[in-house]
**Q** 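One structure follows; several queries about it will come next.
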Protein chains: 2
Amino acid sequence: MTDNEVVSTWRELSARHAAIVSDLERELHERHGLGVSEFEVLDRLVDGLCLSSDGKFRVQELAAGVPLSQSALSRLIARLEKAGLVLRSMCADDRRGVFVTLTDAGRIRHSEALPTQRRVLRDHLAATSAG
Amino acid sequence: MTDNEVVSTWRELSARHAAIVSDLERELHERHGLGVSEFEVLDRLVDGLCLSSDGKFRVQELAAGVPLSQSALSRLIARLEKAGLVLRSMCADDRRGVFVTLTDAGRIRHSEALPTQRRVLRDHLAATSAG
DNA sequence: ATGCATTCAATGCACAAGCATTTAATGCGT
DNA sequence: ACGCATTAAATGCTTGTGCATTGAATGCAT
């Protein structure tokens, strides 16, 4: 792969990402009052519900799935809690840790927003193979 | 393409983008004092030099190549000017417009940063076909 | 020529992000 | 048991971003 190919691959990737994020941000915000990262976190929590017994997640577990710094994630969770979409609770076995759990409102909000996200992603990605 | 495929394509795209941007940001900042967007703008200016007679660009022309809002771009150019990497000059035929031109320092900085950018991109993209 | 919508770029403002620091809890070595 | 490095998460601070607005210049219709 030549440098020019690498660069044009990068530009394409970058432009695509920007376009999708921009659309997602607008749609999710307008229709559901959520930012892209907020939705992603809710999404991880919902995904994880199937796997985890109690639906509790350490903040750091969520960090793995979302490309945000630890501080950004901490504040994001604070925002979600303030909005009533998640709860933070102490965790018994390591009292430094914080468990994050979805509230009913959070589950509902996520299920409302999910079709919107899917639609936007489909619009951008459905008929393409990354080229 | 199923919804699940769409979503996993999106996650992959997103993770890839985040990883590359993160590396680029760190390397460009540490080694050359440039952010990713700053570099992109310099890059467009350099690219355009070959095509344009005088190397002058309207702000809005740059906007097309960089996924930033108009206001963000305006401030970014102000930063570049403050750093001595570009010049802003009035444009005669439409006095609302602003021409942006590379300074020598800007050209030099770009040429220093270019290999760093290429290296990072190669590290991430060289042996892949987008998925 | 005058008025009015439009366009270019800059700016006020609010908010989100990262870095560095802080606070609290753990665990390891002695 | 005590001290010390380490880890989890929150917070202060600075910076960058977008939205909405502003100010200036343009162009078009009358």
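Both backbone and side-chain heavy atoms feed into the values below; hydrogens, waters and symmetry mates do not. Order of the sequence lines sets the chain letters (A, B, ...), proteins ahead of strands, with each chain counted from 1.
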**Q** For Met90(A) and dA24(C), give me the distance from atom CE to atom P, rounded to whole Å.
**A**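 Whole-Å distance recorded here is 13 Å.
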**Q** Do Arg16(B) and Leu125(B) make a side-chain contact, defined as non-hydrogen atoms from C-beta onward lying under 4.5 Å apart?
**A**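 Arg16(B) vs Leu125(B): side chains touch.
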**Q** Contact class for Arg26(A) (heavy atom, under 4.0 Å): base, sugar-phosphate, or nothing?
**A**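 The answer is nothing, as Arg26(A) stays clear of every strand by at least 4.0 Å.
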**Q** What distance separates Leu28(B) CG from Leu34(B) CG, expressed to the nearest 0.5 Å?
**A**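 Reported value, rounded in 0.5 Å steps: 6.5 Å.
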**Q** Report all interatomic pairs (protein N or O, nucleotide N or O of nucleotides 13-15 of chain C) with separations under 3.5 Å.
**A**
| residue | atom | partner | partner atom | Å |
| --- | --- | --- | --- | --- |
| dC13(C) | N4 | Arg75(B) | NH2 | 3.4 |

**Q** Name the one of Thr101(B), Leu85(B), Leu80(B), Leu102(B) that satisfies side chain to side chain contact (heavy atoms under 4.5 Å, CB included) with Leu45(B)?
**A**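 Output: one option passes, namely Leu102(B).
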**Q** Would you say dA9(D) has OP1 or OP2 under 4.0 Å from some side-chain N or O of Ser74(A)?
**A**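 For Ser74(A), the contact criterion (side-chain N or O under 4.0 Å from OP1 or OP2 of dA9(D)) is not met.
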**Q** Does Arg58(B) place a side-chain N or O at less than 4.0 Å from the phosphate oxygens OP1/OP2 of dA9(C)?
**A**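 Looking at the OP1 and OP2 atoms of dA9(C), one of them is under 4.0 Å from a side-chain N or O of Arg58(B).
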**Q** Judged by each residue's nearest nucleotide on DNA chain C, which is more toward the 5′ side, Ala92(A) or Pro67(A)?
**A**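 In this pair, the answer is Pro67(A).
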**Q** Take atom NZ of Lys82(B) and atom C1' of dA10(C), then tell me their distance rounded to the nearest Å.
**A**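 Going from Lys82(B) (NZ) to dA10(C) (C1'), I get 15 Å.
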**Q** Got Val120(A) and Gln117(A) here, is their nearest side-chain heavy-atom distance under 4.5 Å?
**A**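 Sidechains of Gln117(A) and Val120(A): no contact.
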**Q** What's the CZ-P distance between Phe99(B) and dA10(C), to the nearest Å?
**A**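 For the pair Phe99(B) CZ and dA10(C) P, the rounded distance is 13 Å.
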**Q** In this structure, how many angstroms lie between the P atom of dG18(C) and the CG atom of Asp23(B), rounded?
**A**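 About 14 Å, once rounded to whole Å.
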**Q** Look at the side chain of Arg96(A) and the base of dT26(C), then say whether one donor and one acceptor between them are separated by less than 3.5 Å.
**A**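 Check fails, no donor-acceptor contact within cut-off.
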**Q** When only distance counts, do a donor and an acceptor, one from the side chain of Ser71(B) and one from the base of dC19(D), lie under 3.5 Å apart?
**A**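 Side chain to base: pair present.
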**Q** After noting the C-alpha distance and the side-chain angles of Val86(A) and Leu42(A), does the key distance pass the side chain to side chain contact (heavy atoms under 4.5 Å, CB included) rule?
**A** CA-CA 8 Å; Val86(A) 304; Leu42(A) 293 183; 4.0 Å; yes
**Q** Have a look at Glu25(A) and say if it touches a base, only the backbone sugar-phosphate, or nothing, with a 4.0 Å heavy-atom cut-off.
**A**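 Contact class for Glu25(A): none.
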**Q** Rounded to whole angstroms, how far apart are CZ on Phe57(A) and C1' on dA8(D)?
**A**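 Interatomic distance, CZ of Phe57(A) to C1' of dA8(D): 18 Å.
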**Q** Measure the distance from CD1 on Ile77(A) to C1' on dA10(D) and round it to the nearest whole Å.
**A**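 Answer to the nearest Å: 11 Å.
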**Q** Round to a whole Å and report the spacing from CG of Leu76(B) to P of dG16(D).
**A**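 For the pair Leu76(B) CG and dG16(D) P, the rounded distance is 9 Å.
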**Q** Do Asp123(B) and Ile20(B) pass the side chain to side chain contact (heavy atoms under 4.5 Å, CB included) test, and can you show the C-alpha distance, the side-chain angles, and the key distance before you say yes or no?
**A** CA-CA 9 Å; Asp123(B) 288 350; Ile20(B) 296 174; over 6 Å; no
**Q** Please determine if a side-chain N or O atom of Gln60(B) lies less than 4.0 Å away from the OP1 or OP2 oxygen of dC8(C).
**A**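 Checking Gln60(B) against dC8(C): at least one side-chain N or O falls below 4.0 Å of OP1 or OP2.
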**Q** Measure from CZ on Arg95(B) to C1' on dA9(C) and round the result to the nearest Å.
**A**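 In whole Å, dA9(C) C1' lies 15 Å from Arg95(B) CZ.
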**Q** Which nucleotide in the set dA20(C), dA9(C), dG18(D) lies at the smallest distance from any side-chain heavy atom of Gln70(A)?
**A**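 The listed nucleotide nearest to Gln70(A)'s side chain is dA20(C).
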**Q** Say whether Leu87(A) and Val98(A) are linked into one hydrophobic cluster, either directly or through other cluster members, by side-chain heavy-atom distances under 4.5 angstrom.
**A**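 No; tracing contacts between hydrophobic side chains, which count when under 4.5 Å, never links both residues.
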